[in-house]
Each structure stands twice: as structure tokens, then as C-alpha cells.
Amino acid sequence: MIPVLLAMPGNERMADALAAGMGAERGHFEIRHFPDGESYVRIESEVVGREVVIVCSLDRPDEKLVPLLLLSGAARENGATGVGLVAPYLAYMRQDRRFKPGEVTSVKLVAKWIGAQFDWLVTVDPHLHRIKNLAEVYAIPSCVVPAAGAIAEWIRDNVRQPLLVGPDEESLQWVADVAGRINVPHVVLTKTRRGDRDVSVSVRQVERWRGHTPVLVDDIVSTARTMIETVRGVLECGLANPVCIAVHAVFAPGALEELREAGAAQVVSSDAVEHLTNAISLAEPLTGAVSGILGARRVTPLAGARHYEKEVDIPAAAGALFDHVDDHARLAGHMEESSALMMGGRMTYQFDAAQGRAPGSVIRVAGRVLGLELSVEEVVTVREVPRRKTWQTRGATRLLVIGAYRMGFEIDAVGRDASKLRVFIDYTPAAGLMGRIAGILLTPLYARWCVRRMAEDARRRFVDQRRQA
Ligand code: R5P
């Protein structure tokens, strides 16, 4: 059954684009307020047995959260098999700790509310600062779509000789990524925030870029004080009037006008938040992410499988280890070498555009063993950076000793540069006579070999790296 996409008010354009890209149905619902201000929602489309996707960018979140949670509840109560949230802008990501006694860590609380009503979440560049990963606060599977690719393309097509400028240390992650994609210079400045509208940005050592067009990139523009102070700073240093780019055009009343008055040559934003400055579309990468998650949810569980796992200590931080083992060709590199366990044969890996780095990404493995053509299709079902990843066979497998399987790894950080890596497999023997014979001895042997090689190869790599350091 094709999924149903519901657009909360103001998200119709994005929902239309996603539905068209995914071949999904655009569903309908009624939403209104009772005279006392309470919300009323009623789903009009058929959702029984279907995946429902609600699109709701969470700028001005307080007025949206209650109806959004009610809409998800309505989808569930009326028979949806699952409900996912596409929130291109994810609110309440900044208060990630109690800065003063008496405050609340709103990031965690709002994540609990959303996590209780949705099965998964897709967003664009959430404001991650002290929290390094969405999985640290959201217990449901989540997928972060980076805006960097689309922003880089826009700059390449619209700006002459750009110099990318990040207003504060946090912006380094976006600015460096965008600059790297189009091979242009970047600088990152220092910001001091004393209050909501009391911000100063220290602009130094930019004079050498006077021939360039400064392009200020920030994840959120709210009061625009950060951008305004940066615009002033670059102008004082004799640079040209800058182009200002916001991933999330949250813009408080009057902020856009003030930014223009301060000297911005142009203000543009991605369509993560619908705004008159939108010039950069994220519909395509968002479609890919949502299709991936829905594809992974269609995978059926393995019945009657046997289990094997291996845990190793790795002298590396969880993030570096995840990066390494997330590369599927590297993790399963032993399959591409000729070996005794493979009876002299080998397999090669073919990836789709997501390279096995997103839920739903499909990996094709094919090769020849004992003169027989073997092949299997795997699909990534879970990927939570830097904690865990699983993938599973899809459809019929053409393998000699092993049938369907689910594999994965889990990483536990045990120190700054120390982690535990657990690699596991749940597997069934191959079908047919060969599988039944092999199933007694060869299948467990082969499954163990795969798991051990993945774990040991990763350990060896980091031990060698440490020795050489
Ligand atoms: C801050 O940590 C963010 O990355 C943005 O710089 C900030 O949210 C911008 O806010 P405003 O426009 O109110 O200065």
C-alpha cells in the first residue's frame, strides 16, 4: 500500500514535492480550534494498514506541537501501521542543558514527546552543539539530511568568487562542508552572545579576501543579530556587501528588514522553513531520506534464525570507529579477497547513491564461488550514528551455505579513545540440499568467520594506527 503524506498547515509545498518524488498519496485531514483554543483534528483519508508521513517544520513550535501530536495519534487510532515525522526544522534543540538553576533541558523533554508519538524522524541539520548526535536525545530512528550539498550548488551557480564566512565556532561544521564541496576558501569567526538580541562577532584576518564575495552561512537565523553583526564586521574590514544564507529561515518579526538595512546584498534560505527568502530546495534529499526509511520498514523479520556475535576492544573514539565500520566495503573487505572459507571465490559490492550510509540504502553483493554465480541484496535497516547499524537480506538470496541473514554492529564508548565493538549475525542456512548439508557445520563456520573478520579487521586497523602514531 502506498504511504499517505499529511501536511500540517504551511507545509503543503514541501509535502507536495515529497509525495510526487516518492509516488505517495497526499492525504487530507481537518484541523481547527474549539472556541476555548483546544485543537481538533480528524483524518479524512484512508490510513488503515498504511504508513503515514506527517510533514511539519517546527518553527514557531509551541502553536504546532499539540495539533501535530494529536494528528499522529489520530493516524494511529485509525489504523496506520506506522507514523513518521518529517520536520525539516527541528525546534527546541538549543537548550541542551540547564545553564542556570531552575531551567529545564527542553531538548530532552521535547524529544520524549515527539518520540512517544512517532516511529521515526527525518530532519535537516538540527542544531547539534554539545549534543553531537540526534540519537543521544531521540530514541526513535532518525535521519539527518544535510543542506550542504544544495547550498554549495546554489553558491556555485550564483556567487562570483565566494569566501564562506561562519559567524561562530558552531557554524564550522556547515561552512567547512559547503566550502569543501565547491573548493572555495572559508573563515570562521568568534561570537559572544550576552542575551537574545545582544550579540557581538569578532571579525579578524579577513582583509586578504577583499576581492571575494563574502557568503555568510548559518544554520538558524532568528533575531538575525548574529548575521547583522557579521555583516557589519566584514563591511568594516573593507569586504564587499555579503550574501547571507540561512538553512532555517526562522526570522523573528522585523529581523529580515534589519538584516537588509545592515548591508546584506542578498538574503536567501533553504525551504526547510517556508519563507519569502527560500531559494534552495531540499525536496530531493528529503525524498531520498523518507523513501529510505520507509523501504527499511518494509523488511520482514527473520524467523528461526541462529545467532553469533563477537565483541572486541578498539582503541578509538566511538565516532572514528563508526566512520570506519560504516564503510560497508571496508567492513566486509574480507569478502572481496579470495580465501579458503570462500573456496577460492570472492564477492564484490555495488552501492546505490546512499553508499550504504542511510536506512533503506541497498547494497548488491555478487560473485563466483566454485564456478557458481552467487548474489544477494542487502538493505540497511537501522543506522544511528555513532551507536549502531544493521542491514538485512532482501528477497531471495543466491548463496551456497547461508540463506537470509541480518547483520549489524553496536559501539559502546568506554573512554575518550576507547570503544567496544560488537558485531553480530542472525542467519538461516541456504535453502536446498546443499544448504541442508552445509547447515550442520559449514553455515555456522562461515557465519562466525564473517563476524570475526569484521570485528578483528577493525581492531587491527586501529591498533596499527595507534602504533604508528
Ligand atoms: C546559534 O547557536 C545558531 O547557530 C545561530 O547562530 C543562532 O541561532 C542565530 O540566532 P540569531 O539570528 O537570533 O542571532
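Source: prediction; values computed, not measured. Start at 1 and go down the list; that is how both ligands and their atoms are numbered. Position 1 is the first residue of the sequence, and the numbers go up from there.
- Between Asp168 and Lys191, at least one side-chain N (NZ, or NE/NH1/NH2) sits under 4.0 Å from a carboxylate O, which counts as a salt bridge.
- Residue contact annotation: Arg197 has no non-hydrogen atom under 4.0 Å from ligand 1.
- Taking a cutoff of 4.0 Å between a charged side-chain nitrogen and a carboxylate oxygen, Glu456 and Arg459 qualify as a salt bridge.
- Asp168 counts as a contact of ligand 1, since one of its heavy atoms falls under 4.0 Å from the ligand.
- At least one heavy atom of Ala224 lies less than 4.0 angstrom from ligand 1.
- Interface atoms of ligand 1 facing Arg193, defined by a heavy-atom separation under 4.0 Å, are 7 (C), 9 (C), 10 (O), 11 (P), 13 (O), 14 (O).
- Proximity to Asp219 (heavy-atom distance under 4.0 Å) selects the following atoms of ligand 1: 3 (C), 4 (O), 5 (C).
- Applying the side-chain contact (heavy atoms from CB on, under 4.5 Å) test between Met407 and each of Gln392, Met454, Glu378 identifies Met454 as the sole match.
- At least one heavy atom of Arg94 sits less than 4.0 Å from an atom of ligand 1.
- Within the 3.5 Å criterion, the main-chain N or O of Phe99 finds a donor-acceptor partner in the side chain of Glu103.
- A donor-acceptor pair shorter than 3.5 Å can be found between the side chains of Arg193 and Thr226.
- Among Glu229, Lys191, Met93, the residue whose heavy atom lies nearest to atom 1 (C) of ligand 1 is Lys191.
- Not a single heavy atom of Met227 sits closer than 4.0 Å to an atom of ligand 1.
- Looking at Tyr92 and Asp62, their side chains do bring a donor and an acceptor atom within 3.5 Å of each other.
- Near Thr226, meaning under 4.0 Å from one of its heavy atoms, ligand 1 places the atoms 6 (O), 9 (C), 10 (O), 11 (P), 14 (O).
- Atoms of ligand 1 lying under 4.0 Å from any heavy atom of Thr223, numbered from 1 in the order shown and given with element: 11 (P), 12 (O), 13 (O), 14 (O).
- Atom 5 (C) of ligand 1 has as its closest protein heavy atom Asp218 OD2, 3.2 Å.
- By the 30° and 60° cut-offs, the orientation of the rings of His127 relative to His129 is perpendicular.
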